[in-house]
Visitor: 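Could you have a look at this structure, given as structure tokens, before my questions?
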Amino acid sequence: MSSLPSELNARVAVVAGTDPELRAATKPQFGHFQSNVALRLAKSEGKPPREVAQRIVDELDVSDLCEPLEIAGPGFINFRLRNDVLAATAEEVRVDDRAGVAPAAEPQRVVIDYSAPNVAKQMHVGHLRTTIIGDCFSRVLSAVGNTVIAQNHIGDWGTQFGMLIEQILDEGTDVSALSLDDADALYKRASTHFRSDEEFADRARRRVVTFQAGDEESLEIWRQLIETSKAGFNEAYARLNVLLTDDDLAGESTYNEALPDVVADLEARGVAVVDNGALCVFTDGFEAPLIVRKSDGGYGYATTDLAAIRYRVQELEADRIIYVTDARQAGHFAQVFAAARKAGYLPDGVVAQHIGYGMVLGPDNKPFKTRDGSAATLSSLLDAAEENAAPEIALAAIKYADLSSGLQKDYVFDPERMTKTTGDTGPYLQYAHARCNQILRAAEAEGFAVGPIALVDESAEQTLAMALSRFGEVVDHLAAELQPHKLCTYLFELATAYSAFYEQCPVLKSGGDVRTSRLGLVAATRDVLAKGLGLLGIAAPERM
Ligand code: ARG
């Protein structure tokens, strides 16, 4: 749904012949919006700005939306939306189960590759971000009517299993009894062992070969490591309250059987060529080629990603594929996409995008570390936030902090600031939502009617009504551009408009149609806040 401001902007653009760039008016007496388009056009048209403004005002018919237009000062055009129109738009949001979020005209099949932790390793702070961001994308893209297919590309294959298996056999460990923490510790012991003991390192390398050739004893240990890790990942997902389930698992090993076929196909069609013993895809604009088969015959991360793209396009029938990883993998994905295009695995009609995110920093502005100085695990971050607030609120704090500044930016993990119920925080929005509910509960107890929204005479009511009408558009924009911070900013503005309304316009103490209409505004605000928080993956508790 397009909001009143965008609708108006679009209609003025037709008459002006250029984007009028409507801005919120600086003072209430200037109406709701102002445009300086006449001043800009005056130069090219060689006419005085006020004359240009007059021409636009004469040609423009927006009487169905606005009060009569005014020309001010050197040639600004002032727009004041009609009260009845504002009330009607807010009312539309109130009665709509979807609060103005319309289904996409052309729904797509969207694959989202996110979370993707690695087997036998704890999830770290980077995985916190991809999991939260990917979950938000998943919720938003489904909300606008797409079919979302989550793909959790866990690291469940690779040469590290050689040393892990050897270490397990050396120690006589019962893998089925390990927790993910234990497996992580075992991983560390295996790496140390590998670096310090040549004989062990040799065995580990030979084990990679027997394991990858299908040795049953090795495979059994590998399977158990995956089970153990999965249990740990699922615990983290439950704690994070994200949508991922075992059905979304499609780890690197999923593509093992396809790899020889992909590579043979690339070679047969001349897409890949042998260079210095390695099979390579050369792509324009990249210095080094993408290696799809190493000179020792092994396949790497890139080969798996090519096989995954082919599968996602051909089997999952994706129209759009989104990868959420830390920003440092941007180069890898750009090159994988280029190679996949060259190979025809990624047809022109299918969009592939890498959404990279920045780092989580500690109070010292360096990559976040736990108190004992080790790299922060996901659970240590959650623990830190829960020292400051109840779990539901701590989680809101973390998710909001993660999503509310541009994804590419690093952000400082500051539990005390993030959990405050004032300022631009997740808990503040939860609190605004809970306050709406509190009023609605009181209204219900008194038997007061809630809505329709029919009167918005006060400027605070108008601002709130306008904010409510923008929700659908903000969600559409997020689905297209994948910038969650814009939804966060919007919700913060809505909560701020609500606060001003609450201070300036008595609700329960007013009477008649005014009270009914104001209660309608409260209900619509509650719904939009709850839906908006829901799209961010944040709970909206009834009471706080
Ligand atoms: N497991 C990788 C990591 O922890 C992320 C995988 C991302 N997805 C992909 N298709 N490569 O960094």
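For the single chain, residues carry numbers from 1 onward in sequence order. Keep in mind it's a predicted model, so treat the numbers as computed, not measured. Order of listing sets the numbers, starting from 1, for every ligand and every atom in it.
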Visitor: Which residues pass the side-chain hydrogen bond (donor to acceptor under 3.5 Å, both in side chains) test with Lys294, not counting sequence neighbours?
Guide: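 Lys294: no side-chain hydrogen bond (donor to acceptor under 3.5 Å, both in side chains) contacts found.
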
Visitor: Tell me which protein heavy atom sits closest to atom 2 (C) of ligand 1, plus the residue, atom name and distance to 0.1 Å.
Guide: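 Going atom by atom, the protein heavy atom closest to atom 2 (C) of ligand 1 ends up being Ala116 O, 3.7 Å.
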
Visitor: Tell me which part of Ile154 gets within contact of ligand 1: side chain, backbone, both or neither, using heavy atoms under 4.0 Å.
Guide: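 Looking at Ile154 and ligand 1, no heavy atom falls under 4.0 Å.
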
Visitor: Parallel, tilted or perpendicular, judged at 30° and 60°: which one describes the rings of Phe337 and Tyr323?
Guide: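 Taking Tyr323 first and then Phe337, their aromatic rings sit tilted (interplane angle of 30° to 60°).
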
Visitor: Taking atom types as modelled, find out whether Gln122 and Thr377 have a side-chain donor-acceptor pair closer than 3.5 angstrom.
Guide: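 Looking only at side-chain atoms, Thr377 and Gln122 do not form any donor-acceptor pair under 3.5 Å.
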
Visitor: Heavy-atom distances under 4.0 Å are what count here, so tell me which part of Tyr114 touches ligand 1: side chain, backbone, both or neither.
Guide: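 Under 4.0 Å from ligand 1, Tyr114 contributes no heavy atoms.
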
Visitor: Report the relative orientation of the aromatic rings in Phe161 and Phe211; use parallel for angles under 30°, tilted for 30 to 60°, perpendicular for over 60°.
Guide: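 Answer is tilted, since the angle falls between 30° and 60°.
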
Visitor: Which heavy atom of the protein is the closest neighbour of atom 12 (O) of ligand 1, given with residue, atom name and distance?
Guide: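 Nearest neighbour among protein heavy atoms for atom 12 (O) of ligand 1, to 0.1 Å: Gln329 NE2, 3.2 Å.
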
Visitor: Check if Tyr301 has a non-hydrogen atom at a distance under 4.0 Å from any atom of ligand 1.
Guide: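 The answer is yes, since Tyr301 has a heavy atom less than 4.0 Å from ligand 1.
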
Visitor: With heavy atoms under 4.0 Å as the rule, classify the contact between Thr304 and ligand 1 as side chain, backbone, both or neither.
Guide: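 The answer is neither; Thr304 stays 4.0 Å or more away.
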
Visitor: Does Asp305, backbone or side chain, put an N or O under 3.5 Å from an N or O of ligand 1?
Guide: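 In this structure, Asp305 places an N or O atom under 3.5 Å from an N or O of ligand 1.
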
Visitor: Is it the case that ligand 1 has an N or O less than 3.5 angstrom from some N or O of His127?
Guide: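 Indeed, backbone or side chain, His127 has an N or O that close.
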
Visitor: Under 4.0 Å between a Lys/Arg side-chain N and an Asp/Glu carboxylate O for Arg470 and Glu493?
Guide: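 Here Arg470 pairs with Glu493 in a salt bridge, since their nearest N and O are under 4.0 Å apart.
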
Visitor: If the cut-off is 4.0 Å to any non-hydrogen atom of Tyr323, which atoms of ligand 1 fall inside it?
Guide: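 Taking each heavy atom of Tyr323 in turn, ligand 1 has 10 (N) under 4.0 Å.
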
Visitor: Check whether any side-chain heavy atom of Cys136 sits under 4.5 Å from a side-chain heavy atom of Lys399, and report yes or no.
Guide: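 Contact flag for Cys136/Lys399 side chains = no.
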
Visitor: Do any N/O atoms on Asn118 end up under 3.5 angstrom from N/O atoms on ligand 1?
Guide: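 N/O-N/O distance below 3.5 Å exists for this pair.
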
Visitor: Report the C-alpha distance between Tyr187 and Asn118 in whole Å, list the side-chain angles of each, state the deciding distance to 0.1 Å, and finish with yes or no for side-chain hydrogen bond (donor to acceptor under 3.5 Å, both in side chains).
Guide: CA-CA 11 Å; Tyr187 196 116; Asn118 301 308; over 6 Å; no

Visitor: Quick one: nearest non-hydrogen protein atom to atom 8 (N) of ligand 1, plus distance?
Guide: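 Its nearest protein heavy-atom neighbour is Asp113 OD1, 3.1 Å.
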
Visitor: Should you measure from each heavy atom of Thr325, which atoms of ligand 1 turn up under 4.0 Å away?
Guide: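 Every atom of ligand 1 under 4.0 Å from some heavy atom of Thr325: 7 (C).
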
Visitor: Is Asp410 paired with Arg129 through a side-chain N to carboxylate O contact shorter than 4.0 Å?
Guide: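 No salt bridge links Arg129 with Asp410.
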
